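Here is the structure we will look at, set down as structure tokens.
Remember, predicted model here, so these are calculated numbers, not experimental data.
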Amino acid sequence: MSYNFITASEAASLIKDGDTIGLSGFTPAGTPKAITAELAKIAEEKHARGEQFKINVLTGASTGDSCDGILSRANAINFRAPYTTNSDFRKACNDGFIRYSDIHLSQVAQRIRSGFLGKVRVAILEACELTDDGKIYLTAGVGISPTIARLADFIIIELNAAHNKNSLIGMHDIYELERPPHRRPIMIEKPSDRIGVPYIKVDPAKIAGVVEVNIPDEARGFHEPDPITDKIGQNVADFLVSNLRSGIIPSTFLPLQSGVGNIANAVLSALGKNPEVPAFEMYTEVIQNSVIDLIKQGRIKYGSTCSLSVTNDCLQDVYDNIDFFADKLVMRPSEISNCPEVVRRLGVISMNTAIEADIYGNVNSTHICGTKMMNGIGGSGDFTRSAYISIFSCPSTAKGGCISSIVPMVSHQDHSEHSVNVIITEQGVADLRGKSPMDRAKTIIENCAHPEYKELLWDYLKISNKGQTSHSLSAALGMHQTFIECGDMHKTNWSDFKR
């Protein structure tokens with residue numbers, strides 16, 4: 001079939017006010033970049049004429065500035081799900097200009113199939129190759145692509161020459177789950193198992209247009225490691241090694257899931273350097289530069305992921321050495337990469353970051369002071385609840401020490417004490433397994449809190465109403481309230497709060 005090659009502007013003109021669009025990709029990796037920029041121009045032009053133009057956006061995870069950023073600045077988003085990291089989107093969301101639904105990433109495709117998120121009119125997919133019979137080969141991220149391609153009224157392809165099709169073809173394992181009650185078992189018994197095909201297959205007539213582009217992924221860089229992140233990484237590695245020595249972790253080790261960011265890189269670096277840790281596998285949602293480096297060193301044997309969220313130099317290195325990497329990497333849809341059933345069966349060890357944790361082991365990973373959305377829950381819940389061992393880490397303080405990351409009660413709860421096994425800061429490790437609430441409180445304060453806040457947290461326990469989980473309901477968020485009023489949690493005075 002001969003496809004209709006059009007410009008990004010012509011493609012954007014096919015999208016109407018009120019439409020729901022679904023995008024390929026997962027993080028900035030594999031997300032469309034040209035058409036969304038043109039949609040922002042349409043919104044600005046229509047708004048200048050006093051006309052309405054807003055769309056609903058469904059993605060696999062976060063995108064880059066050419067989607068979330070530029071559409072937010074153009075006031076072009078009515079509703080958005082499930083996850084984002086863009087600062088302009090964050091501001092618009094917290095100011096009430098965007099309706100945002102924070103969803104576990106493994107659940108997004110099923111919610112679309114079930115109709116919970118409305119009708120997807122347009123799917124925009126970034127591809128490295130498109131065949132005459134309707135085979136779409138994706139680029140560096142998958143996300144919800146198979147589901148939106150099947151359910152959308154029509155599809156637009158961004159055929160991106162920035163990605164090497166000769167390297168990418170064959171790297172994906174595309175498989176879509178059936179709707180209950182007809183769902184079959186997911187036959188993944190180890191991270192390297194493949195259960196699908198390397199492409200998305202659609203009716204060629206459904207492809208309304210193809211936009212040729214040459215735009216690299218909007219890869220995020222990371223800060224250089226610092227003493228705090230290095231210490232957190234070492235504490236996590238030491239904890240895992242102690243569990244390996246004791247036999248809690250088998251001698252062959254277990255697959256790891258790691259979140260995104262500097263702490264995740266520090267943890268993986270520390271594990272890679274430890275001679276007691278055997279070469280291991282990853283069953284995760286995102287692969288960063290550190291994983292690619294450890295694969296090259298032979299310290300990671302295999303990486304199963306939803307996206308290669310790496311810098312462009314690192315991605316080019318993978319493309320240039322695909323003969324080496326071809327049997328060591330696979331990219332899957334997010335409902336497979338994040339599937340809780342697979343995570344539990346494989347015995348995945350999850351390692352994610354927290355904004356704050358309370359003295360009983362509840363974790364807030366999304367909101368600042370309980371009200372301001374930061375990034376969303378992402379896939380951390382998918383892995384945490386089903387992990388063999390679930391670990392959360394963070395620095396013990398923030399804002400130059402004015403905020404304690406260990407608090408009496410989290411201001412927003414994403415992960416409950418029932419799912420969180422271990423909390424780690426640069427101060428130390430709190431192993432919460434098999435402990436009562438009061439045992440957890442003592443362990444977390446003693447091992448994870450910054451020394452400047454320990455006495456304040458011990459004093460909180462003294463004024464708390466005793467029970468299975470002791471709290472003073474009037475003072476539980478007192479450290480947060482003090483920060484809002486004074487800018488420094490150190491100034492908390494428990495006598496200011498009624499008991």
Side-chain angles (χ1 to χ4, degrees), residues 235 239 248 350 352-371 377 380-381 384-385 387 389-399 401-499:
N235 285 344
F239 168 78
I248 292 174
S350 71
N352 291 288
T353 55
I355 290 175
E356 62 181 0
D358 69 28
I359 57 176
Y360 295 109
N362 302 292
V363 166
N364 168 18
S365 59
T366 61
H367 284 72
I368 304 299
C369 286
T371 61
I377 196 169
S380 57
T384 295
R385 187 72 182 271
I389 304 173
S390 62
I391 301 170
F392 277 92
S393 57
C394 63
S396 63
T397 62
K399 291 290 182 182
C402 291
I403 293 176
S404 173
S405 301
I406 306 299
V407 293
M409 179 184 285
V410 287
S411 57
H412 175 91
Q413 181 179 297
D414 294 294
H415 311 281
S416 80
E417 62 186 88
H418 310 293
S419 303
V420 178
N421 297 144
V422 185
I423 294 173
I424 297 178
T425 70
E426 82 282 5
Q427 303 297 324
V429 177
D431 186 348
L432 309 179
R433 294 171 294 182
K435 289 183 170 63
S436 69
M438 291 308 296
D439 290 338
R440 289 198 294 269
K442 294 172 184 177
T443 301
I444 291 170
I445 294 173
E446 186 57 38
N447 295 321
C448 294
H450 193 279
E452 293 181 3
Y453 285 100
K454 280 187 179 181
E455 184 176 353
L456 189 63
L457 293 166
W458 286 124
D459 287 345
Y460 173 79
L461 280 180
K462 293 176 185 177
I463 69 164
S464 297
N465 297 312
K466 302 308 176 186
Q468 164 71 359
T469 303
S470 298
H471 270 303
S472 168
L473 295 183
S474 61
L477 298 177
M479 291 173 71
H480 298 89
Q481 187 63 37
T482 301
F483 177 76
I484 291 171
E485 294 174 357
C486 305
D488 191 343
M489 285 185 177
H490 287 105
K491 297 180 180 180
T492 304
N493 185 341
W494 297 123
S495 63
D496 294 338
F497 301 93
K498 293 181 179 180
R499 295 174 58 186

Taking Ser419 for the side chain and Arg385 for the main chain, is one N or O donor matched with an acceptor at less than 3.5 Å? no
Val429 and Asn447: side-chain contact (heavy atoms from CB on, under 4.5 Å), yes or no, with the steps? CA-CA 6 Å; Val429 177; Asn447 295 321; 5.8 Å; no
With side-chain contact (heavy atoms from CB on, under 4.5 Å) as the criterion, how do Met489 and Ile403 come out once you've worked through the C-alpha distance, each side chain's angles and the decisive distance to 0.1 Å? CA-CA 6 Å; Met489 285 185 177; Ile403 293 176; 3.9 Å; yes
Applying side-chain hydrogen bond (donor to acceptor under 3.5 Å, both in side chains), run through Ser365 and His415 and close with a yes or a no. CA-CA 8 Å; Ser365 59; His415 311 281; 3.3 Å; yes
Closer than 3.5 angstrom, by distance alone: can the side chain of Thr384 be matched with the main-chain N or O of Ser390 as a donor-acceptor pair? no
Lys466 and Leu461 have their tightest heavy-atom pair at NZ-O, 2.7 Å
Option passing side chain to side chain donor-acceptor pair (under 3.5 Å) with Asn364 (candidates His412, Gln413, Glu356): Glu356
State whether the number of non-hydrogen atoms from other residues, nucleotides or ligands found under 6.0 Å of Lys454 atom NZ is greater than 12. yes
Compare every heavy atom of Tyr360 with every heavy atom of Glu417, then report the nearest pair and how far apart it is. CB-O, 3.5 Å
Under 3.5 Å donor-acceptor, Asn362 side chain and Met409 backbone: no
Show your working on side-chain contact (heavy atoms from CB on, under 4.5 Å) between Leu456 and Trp494 and close with a plain yes or no. CA-CA 9 Å; Leu456 189 63; Trp494 297 123; 3.5 Å; yes
Asn421 side-chain N/O to Ile391 backbone N/O, donor-acceptor pair under 3.5 Å: no
Which heavy atom in Phe483 sits nearest to a heavy atom in Cys369, and how many Å separate them? CD2-SG, 4.1 Å
Taking all heavy atoms of Leu432 and all of Val420, pick out the closest pair and write down the distance. CD1-O, 4.0 Å
Determine whether Ile355 and Ile368 make a side-chain contact, defined as any pair of heavy atoms from C-beta on separated by less than 4.5 Å. yes
May I ask you to decide if Phe392's main-chain N or O and Asn352's side chain share a donor-acceptor pair within less than 3.5 Å? no
Is the backbone of Pro395 close enough, under 3.5 Å, to the side chain of Ser405 for a donor and an acceptor to pair up by distance? yes
Assess whether side-chain contact (heavy atoms from CB on, under 4.5 Å) is satisfied between Tyr460 and Met479, documenting all intermediate values. CA-CA 10 Å; Tyr460 173 79; Met479 291 173 71; over 6 Å; no
With no hydrogens and no angle check, is any side-chain donor or acceptor of Glu426 less than 3.5 Å from a backbone partner on Ser396? yes
Supply the atom-to-atom distance Ile463 CD1 to Ser472 OG, rounded to the nearest 0.5 angstrom. 4.5 Å
Between Asn235 and Thr425 the two heavy atoms that sit nearest each other are ND2-O, 2.9 Å
dist Arg440:CZ -> Asp358:CG (nearest 0.5 Å) comes out at 9.5 Å
d(Ile424 CD1, Ile444 CD1) to nearest 0.5 Å is 12.0 Å
For residues Thr482 and Asp488, determine if any side-chain heavy atom of one lies less than 4.5 Å from a side-chain heavy atom of the other. no
So, taking the atom named OG in Ser470 and the one named CG in Asn465, what distance separates them when rounded to the nearest 0.5 Å? 8.0 Å
For His450 and Tyr453, take the angle between the two ring planes, folded into 0 to 90°, and tell me which bin it lands in: parallel under 30, tilted 30 to 60, perpendicular over 60. perpendicular
Testing the basics here: between Val410 and Leu477, what is the closest heavy-atom pair and its distance to 0.1 Å? O-CD2, 4.0 Å
